[in-house]
Protein chains: 2
Amino acid sequence: MDAIDLALVDLLRGNARLSYAELARQVGLSAPAVHERVGKLESGGVIRAYRAEVEPETVGLGVTALISIVEDSGADTDDVLEAFRAMPEIESCYFMAGVESFLLKARVGTIAELEQLIVRLNRTPGVASTRTSIALSTKWENRPQPVGPSSS
Amino acid sequence: MDAIDLALVDLLRGNARLSYAELARQVGLSAPAVHERVGKLESGGVIRAYRAEVEPETVGLGVTALISIVEDSGADTDDVLEAFRAMPEIESCYFMAGVESFLLKARVGTIAELEQLIVRLNRTPGVASTRTSIALSTKWENRPQPVGPSSS
DNA sequence: GGGCGAGGTCGATGGCGTCCACGGACTGTA
DNA sequence: TACAGTCCGTGGACGCCATCGACCTCGCCC
């Protein structure tokens, strides 16, 4: 994990479809060398995936909500997690410090679907209560912060 | 935006580095046809970007926090937004319904850096108060939900 | 000094991206 | 029905790219 690896990660966070040849030009190595480095970043768990970022409205997912979950005392956190994982609307799931154990980011098409999701969440064993905030608009999301020349 | 476009979007959300030839095989078209469709999805704003998803800890961003912001009455929301945008630690920014106008997701390397960020946020003109929750762990993030055969 | 491993370059080759010309289906008009 | 125009696809061609293997260089350890 040297400066060149960080540069590759930065480049791929900005545009995951850059060719190895282009990456090679940018970091000043040959294409096979870059190919091997990126392969190691992938298998070493640094690069988890390559994803196209989609404008949610255009695929019928116009409603974004953030839902905080208070767990039942004595709930099995793993079971709760598994139940959340089975709900595809839940895009992100953070385990939080504080009274509210989880914060979920959910994306649905309509307010009606959001309502159904909240009902399902409240019915989930281990969930004591939910608190939902609706995002009126997403100013930006998952902006990659340059990690540039840093320590490690 | 027909079923084939949706399939392409799904495939690219799952793996942004699929070749056009591979996409073509999956959807049953020729490579040039897929190339043109994807090009239209990009220029039409459906596909916003292609990003490598990185394990944050491995690039020195091990601390995730969610920060709610209450605006001053009379604050200029655009100015506040611009100030947020200038802080690279803020990965996502949602404009929310409720007392707290914004929800920010920030990623930093250490608690000390988080403290500095919060200080800067509180000093920002237009910001009345902040409320920070720390994510102890990220169970998952930006999981693409299949949009499959849907309406539109 | 000599062997070894990590990590690089170079060269070759097959597949891919991308441009272009062409063709069939659908639509609106006479 | 016949015709022209448009949209959207296919197939072929060509140059670039991904990827493999052979070799090279440097630093390290015995």
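Proteins get letters first, then strands, A, B, ... in listed order; numbering begins at 1 in each. Treat the numbers as computed from the prediction; the structure is a model and nothing was measured.
Side chain of Trp140(B) to main chain of Arg85(A): no donor-acceptor pair is present (N/O by atom type, distance under 3.5 Å, no hydrogens or angles). Of the possible polar contacts, one joining the Arg17(B) side chain to the Leu18(A) backbone as a donor-acceptor pair under 3.5 Å is found. Remark: the backbone N or O of Cys93(B) is not paired with any side-chain donor or acceptor of Arg143(A) at under 3.5 angstrom.
Contacts between chain A and DNA chain D, taken as any atom within less than 4.0 angstrom of a protein heavy atom, begin and end at dC17(D) to dC20(D).
Residue Asp2(B) contributes atom CG, which lies 15 Å from atom P of dC26(C) at whole-angstrom precision. If you take CD of Glu36(B) and C1' of dT18(C), they are 12 Å apart, rounded to a whole angstrom. As a whole-Å value, the separation of Leu18(B) CG from dC16(C) C1' is 14 Å. The distance from atom CD1 of Ile4(A) to atom C1' of dG8(C) is 10 Å, rounded to the nearest whole Å. Following rounding to the nearest Å, Glu22(B) (CD) and dC16(C) (C1') show an atom-to-atom distance of 12 Å. Summarising the geometry, the separation between CG on Leu29(A) and P on dC10(C) is reported as 11 Å, rounded to the nearest angstrom.
Using a 4.0 Å heavy-atom criterion, one finds that Ser19(B) contacts the sugar-phosphate atoms exclusively.
Taking every heavy atom of both residues into account, Arg48(B) and Pro56(A) meet most closely at NH2-CD, 3.3 Å. Between Met1(B) and Thr58(A) the shortest heavy-atom distance is CE-O, 4.1 Å.
Contact check, His35(B) against dG17(C): no side-chain N or O comes under 4.0 Å of OP1 or OP2.
Checking Arg17(A) against Arg37(A), the closest nucleotide of DNA chain C that is more toward the 5' end is the one next to Arg37(A).
The Lys40(A) side chain lies nearest to dG7(C) when the options are dG7(C), dG8(C), dG17(C).
Considering Glu113(A), Glu141(A), Glu55(A) in turn, Glu141(A) is the only one that fulfils the salt bridge (Lys or Arg N to Asp or Glu O under 4.0 Å) rule with Arg107(A).
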